[in-house]
Amino acid sequence: MSNTFNYGTDHLTVGICLDLVRKQRRGVIGADAAKHIQSSQKAVQEIVHKQIPVYGINTGFGPLCDNHISEEDTALLQSNILKSHSVGVGKPIPKEISKLMLIAKVQALAQGYSGVRMEILDRIIWHIDNDVIPVVPEKGSVGASGDLAPLAHLFLPLIGLGEVWVLENKVPAATVLKMLNIEPKSLGPKEGLALINGTQFILAFAVKAVERLGNALEMADLAGAMSLEGLMGSSKPFDARLHQLRPYKGSVHVAKNLFTLLDDSEIRHSHVNCNRVQDPYSLRCMPQVHGASRNAWLHLKELTEVELNSVTDNPIIFDAEDTISGGNFHGQPLAMVLDYATVAAAELGNIADRRCYLMSEGRYGLPKLLVPDAGLNSGLMIPQYTTAALVTENKTLCFPASADSVPTSLGQEDHVSMGSISSRKLHSVLENLEYIQAIELLYAAQALDFRRPLKSTPVVEALHSLIREHVPFIDNDRVFADDINFIHGLLINGTFLEKAREIAKQHQLNLFNDDDFGIY
């Protein structure tokens with residue numbers, strides 16, 4: 001696998017995008033892309049020189065599209081649009097998301113339909129390579145003429161305005177450029193508009209969501225398997241034959257994972273002939289519920305990858321005599337699937353909360369509230385209150401932002417996607433989900449201890465040991481927030497997934513190896 005990615009000609013995937021962000025690959029513009037870029041920029045110059053009326057090149061923007069702009073003012077028009085559209089408010093988005101925006105924008109512009117000069121693309125790549133990442137406020141986009149406000153903030157540093165991140169500090173871009181003896185850029189015709197038209201704010205959040213939700217789905221299977229073992233549930237509902245009768249990709253994949261995670265467990269063998277006919281749905285239906293969320297993830301990944309390799313500018317420049325002012329900047333294709341993914345993430349939390357409740361009920365041979373001496377000790381009564389609160393908060397975040405539209409730009413932009421809200425909302429739900437999963441792991445590890453001396457399978461036991469290295473068995477009440485936060489830290493930094501994959505590889509287990517669910 002090459003460590004070099006050719007913007008504009010190579011196919012960009014979620015995995016490659018994340019590699020570029022984390023400096024595991026370097027993005028360049030090759031000769032073929034450069035040829036297209038130069039041809040498109042030449043066409044824009046011809047449009048300006050011949051005074052061919054083309055939106056945003058020699059006209060005003062939005063409802064001012066009928067206002068003619070003289071040749072000598074076309075460059076000023078472009079810097080003005082960056083200034084006037086920089087109206088974002090709220091906290092800055094994460095630096096990684098801003099960097100993803102830069103990468104996605106270069107991939108779109110480098111395809112050569114936007115009329116942007118090579119030197120502008122080179123400067124954006126310089127920002128990426130040197131981690132001089134612009135500060136972008138989180139709110140202000142309606143996700144229609146592209147993510148206008150956040151993209152305007154993203155590219156203010158090109159003209160010496162706005163702020164950039166220096167370590168964890170926000171510093172005026174002009175200060176950093178002066179310190180590095182680098183001159184701001186002057187924008188040419190079409191360039192300001194090309195920079196701010198597009199869906200890169202929505203897209204950057206979508207890329208990160210594909211990774212984050214993908215990890216949460218794997219954790220759902222791991223935590224669910226551990227909970228099932230603690231509850232002495234059955235693995236028969238994960239038989240592959242059952243799921244071939246209703247072969248959704250997600251359900252088949254989850255059933256395989258769970259069967260692999262539970263195969264040859266001492267705990268499972270100990271109750272093969274028990275008189276329990278069937279388990280509650282939160283155990284028995286994990287393939288159907290986790291699997292439905294996986295199907296939503298597959299759809300999100302597919303559409304995110306389409307968008308990563310799309311041109312979302314307006315107007316599109318085929319040549320000087322052939323331009324199209326269309327709507328490729330409209331965020332609806334991503335907005336709807338992000339709302340779908342939000343429901344998918346919320347449902348993983350819903351079913352995990354139910355498993356926590358099951359483990360605290362005092363059924364199936366477990367003590368009430370999962371402590372030996374409930375009464376004097378409240379035990380694991382209250383962590384489930386937290387999961388209930390987070391699950392309910394997630395439900396309130398499931399209203400689809402893409403179902404709403406507020407007209408803007410004096411009615412010229414009379415239907416908008418609100419995809420920027422969909423994208424941010426999904427990450428709020430994912431943050432809550434990660435805490436819910438941490439709490440389920442706390443419960444499941446405690447339940448598993450009550451099955452000793454019986455052991456589960458190598459992966460489940462390795463995860464249990466990882467928890468017990470720092471979170472001891474609960475025999476008396478303590479500050480459980482400390483336990484939750486520690487497990488949450490292991491979860492979000494990938495330690496659990498890394499350990500699960502390591503043990504699976506050692507034991508030659510086919511776990512999380514389905515190509516459909518990869519990100520490259």
Side-chain angles (χ1 to χ4, degrees), residues 1 5 10-22 24-25 96-97 99-101 103-104 107-108 143 198-222 247-257 287-312 331-348 398 400-402 417 419-420 422-431 433-434 492 494 497 501 511-520:
M1 185 183 294
F5 178 81
D10 288 351
H11 185 76
L12 186 56
T13 65
V14 168
I16 293 171
C17 207
L18 293 167
D19 283 352
L20 289 166
V21 164
R22 294 159 190 170
Q24 293 165 353
R25 299 181 198 236
E96 186 179 44
I97 301 292
K99 194 172 182 181
L100 282 167
M101 289 176 70
I103 290 165
Q107 176 71 350
T199 58
Q200 284 76 34
F201 180 89
I202 302 171
L203 180 55
F205 276 98
V207 168
K208 185 62 180 174
V210 170
E211 179 186 46
R212 200 173 179 187
L213 179 55
N215 289 342
L217 283 159
E218 293 188 0
M219 283 307 309
D221 294 350
L222 292 169
Y248 291 107
K249 282 185 178 180
S251 300
V252 170
H253 182 72
V254 172
K256 178 179 73 69
N257 284 342
Q288 291 80 7
V289 179
H290 295 189
S293 292
R294 280 192 176 271
N295 293 335
W297 180 89
L298 280 172
H299 193 36
L300 175 64
K301 183 186 74 162
E302 175 195 356
L303 298 198
T304 298
E305 195 166 304
V306 169
E307 196 80 349
L308 278 171
N309 295 284
S310 297
V311 179
T312 54
Q332 198 73 2
L334 282 183
M336 292 183 73
V337 75
L338 285 162
D339 284 330
Y340 177 23
T342 300
V343 175
E347 276 303 291
L348 292 178
C398 280
S402 61
S417 76
S420 66
S422 303
S423 66
R424 291 190 297 107
K425 213 155 50 67
L426 171 54
H427 284 271
S428 295
V429 169
L430 286 167
E431 181 179 344
L433 170 60
E434 288 156 357
I492 63 171
L497 291 180
R501 293 190 182 107
L511 185 66
F512 304 137
N513 287 332
D514 192 326
D515 287 343
D516 283 335
F517 295 94
I519 59 173
Y520 286 96

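Scope of the values below: all heavy atoms of this structure, side chains included, with no hydrogens, waters or symmetry mates. Computed from a predicted structure; not experimentally measured.
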* To do: Give the C-alpha distance, both sets of side-chain angles, the deciding distance and a yes or no for side chain to side chain contact (heavy atoms under 4.5 Å, CB included) between His299 and Asn295.
  => CA-CA 6 Å; His299 193 36; Asn295 293 335; over 6 Å; no

Inset, instruction - Please assess Arg294 against Asp221 for the test salt bridge (Lys or Arg N to Asp or Glu O under 4.0 Å), listing each intermediate value before the final yes or no. - result: CA-CA 11 Å; Arg294 280 192 176 271; Asp221 294 350; 3.6 Å; yes

Intermediate values then yes/no, side chain to side chain contact (heavy atoms under 4.5 Å, CB included), Phe205 and Lys425
CA-CA 10 Å; Phe205 276 98; Lys425 213 155 50 67; over 6 Å; no

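Residues Leu217 and Ser293 are in side-chain contact: their nearest non-hydrogen atoms beyond the backbone lie under 4.5 Å apart. Between Leu348 and Leu213, some side-chain heavy-atom pair lies under the 4.5 Å cut-off. Using a 4.5 Å heavy-atom cutoff, the side chains of His11 and Glu305 are in contact. Using a 4.5 Å heavy-atom cutoff, the side chains of Arg424 and Phe201 are in contact. At least one side-chain heavy atom of Ile97 sits under 4.5 Å from a side-chain heavy atom of Leu100. Counting heavy atoms from C-beta outward, Leu222 and Leu497 have side chains that approach closer than 4.5 Å.
Every salt bridge (Lys or Arg N to Asp or Glu O under 4.0 Å) that Lys208 has, sequence neighbours left out, goes to Glu96, Glu211. Partners of Glu431 under the salt bridge (Lys or Arg N to Asp or Glu O under 4.0 Å) rule, at least two apart in sequence or in another chain, do not exist in this structure. Residues that satisfy the salt bridge (Lys or Arg N to Asp or Glu O under 4.0 Å) test with Asp516, not counting sequence neighbours, are Lys249. Taking Glu302 as the reference, nothing meets the salt bridge (Lys or Arg N to Asp or Glu O under 4.0 Å) condition, with sequence neighbours excluded. In terms of the side-chain hydrogen bond (donor to acceptor under 3.5 Å, both in side chains) criterion, residue partners of Asn513 (sequence neighbours excluded) are, by chain and number, Asn510.
In Phe517, the CZ atom is crowded: over 12 heavy atoms of neighbouring residues, nucleotides or ligands sit closer than 6.0 Å.
Rounding to the nearest 0.5 angstrom, the gap separating the CD atom in Glu307 from the OG1 atom in Thr312 is 6.0 Å. In this structure, Phe5 CZ and Leu20 CG are separated by 6.5 Å, a value rounded to the nearest 0.5 Å. The NZ atom of Lys99 sits 10.0 Å away from the CZ atom of Arg22 when rounded to the nearest 0.5 Å.
Summarising the geometry of Leu308 relative to Ala104, their closest heavy-atom pair is CD2-CB, 4.4 Å, with the distance given to 0.1 Å. Nearest heavy-atom pair across Gln200 and Ala108 is NE2-CB, 4.0 Å.
The side-chain hydrogen bond (donor to acceptor under 3.5 Å, both in side chains) analysis of residues 337-347, with sequence neighbours excluded, yields the pairs Asp339-Ser402, Asp339-Ser422, Glu347-Asn350.
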